[in-house]
Amino acid sequence: MNNKVEYSKKNPISIKNEDFFNKVYQIVRQIPYGKVTTYGIIAETAGMKSSARMVGWALNAAAYDKTMPCHRVVNRNGELTGKMYFATPTLMRELLENEGVVFIGDRVDLKKYLWKPR
DNA sequence: CGGGTGACTTTAC
DNA sequence: CGTAAAGCCACCC
């Protein structure tokens, strides 16, 4: 659908791997309210299980897209590693708590809130 | 082609 | 819980 979309306004990068991007987009948008998933799962579903970093990279490039609930994407431990990339360092957590997600320290309880794409 | 970087993961100490 | 290192793949210079 989208080719060469300006995924990042500040830093418009040329998207060469559109297929991977598209899948990440699709998966992230499917995350239900009050649920979270991990970079590794997204990477695996998108066909690059060995490169969870690419997921973070993709999300960063698409961070300005409001239709993408990137706050529902956490790392393997349930930590909000990308919180510093939000408007404020606390915004990510607040968004999740507002959806009913309970934190244990700085982590999400993945046993209860982990969602896997099908 | 090489070097640097990264919203990751895993293992090791 | 902390840091280190290796593996990983794509982007940029």
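Residue numbers begin at 1 in each chain, while the letters A, B, ... track the order of the sequences. FYI, side chains are in, hydrogens and waters are out, and symmetry mates aren't considered; it's all heavy atoms of this structure.
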Colleague: List every contact pair, protein side and nucleotides 2-5 of chain B side both N or O, where the distance is under 3.5 Å.
Modeller:
none

Colleague: Determine whether A:Arg72 and A:Leu96 make a side-chain contact, defined as any pair of heavy atoms from C-beta on separated by less than 4.5 Å.
Modeller: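 They are in contact (side-chain heavy atoms under 4.5 Å apart), so the answer is yes.
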Colleague: Could you check whether A:Arg93 makes a cation-pi contact with A:Phe103, meaning its NZ or CZ is under 6.0 Å from the centre of the six-membered ring and within 45° of the ring axis?
Modeller: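 Yes, a cation-pi geometry.
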Colleague: Will you find, in the side chains of A:Arg29 and A:Thr67, an N or O donor that is under 3.5 Å from an N or O acceptor?
Modeller: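 Short answer, yes.
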Colleague: If we only count heavy atoms from C-beta on, is the A:Thr38 to A:Asn75 side-chain gap below 4.5 Å?
Modeller: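 A:Thr38 does not reach A:Asn75 side chain to side chain.
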Colleague: What about the rings of A:Phe21 and A:Trp57, do their centers lie closer together than 6.0 Å?
Modeller: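 Yes, the ring centres sit under 6.0 Å apart.
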Colleague: What N/O pairs connect the protein and nucleotides 9-13 of chain B at under 3.5 Å? Give each pair on its own line.
Modeller:
{"residue": "B:dT9", "atom": "OP1", "partner": "A:Arg76", "partner atom": "N", "Å": "3.1"}
{"residue": "B:dT9", "atom": "OP2", "partner": "A:Arg76", "partner atom": "N", "Å": "2.9"}

Colleague: Could you tell me the separation between the CD atom of A:Glu44 and the C1' atom of C:dC8, rounded to a whole number of Å?
Modeller: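 After rounding, the reported distance stands at 14 Å.
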Colleague: What distance do A:Lys116 atom NZ and A:Ile42 atom CD1 have between them, rounded to the nearest 0.5 Å?
Modeller: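 One finds 13.0 Å between NZ of A:Lys116 and CD1 of A:Ile42.
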Colleague: Can you check the A:Leu59 CG to C:dC11 P distance for me, whole Å?
Modeller: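 Taking atom P of C:dC11 as the reference, CG of A:Leu59 is at 16 Å.
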Colleague: Separation of A:Ile104 atom CD1 from C:dC1 atom P, in whole Å?
Modeller: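 Taking atom P of C:dC1 as the reference, CD1 of A:Ile104 is at 11 Å.
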Colleague: Would you say CG of A:Asp106 has more than 12 non-hydrogen atoms from neighbouring residues, nucleotides or ligands within 6.0 angstrom?
Modeller: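 No.
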Colleague: Determine, for A:Glu99 against A:Lys35, whether the closest basic-nitrogen to carboxylate-oxygen distance falls under 4.0 angstrom.
Modeller: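 Looking at A:Glu99 and A:Lys35, the cut-off is not met.
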Colleague: Please classify the nucleic acid contact of A:Arg72 as base, sugar-phosphate, or nothing, using heavy-atom distances under 4.0 Å.
Modeller: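 Nothing, no heavy atom under 4.0 Å.
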Colleague: Could you give the CH2-to-C1' distance, from A:Trp57 to C:dC12, as a whole number of Å?
Modeller: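 Whole-Å distance recorded here is 11 Å.
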Colleague: What integer distance in Å separates A:Ile42:CD1 from C:dA10:C1'?
Modeller: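 To the nearest whole Å, that distance equals 17 Å.
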Colleague: Classify the nucleic acid contact of A:Met54 as base, sugar-phosphate or nothing, counting any heavy atom under 4.0 Å across all strands shown.
Modeller: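 Touches a base.
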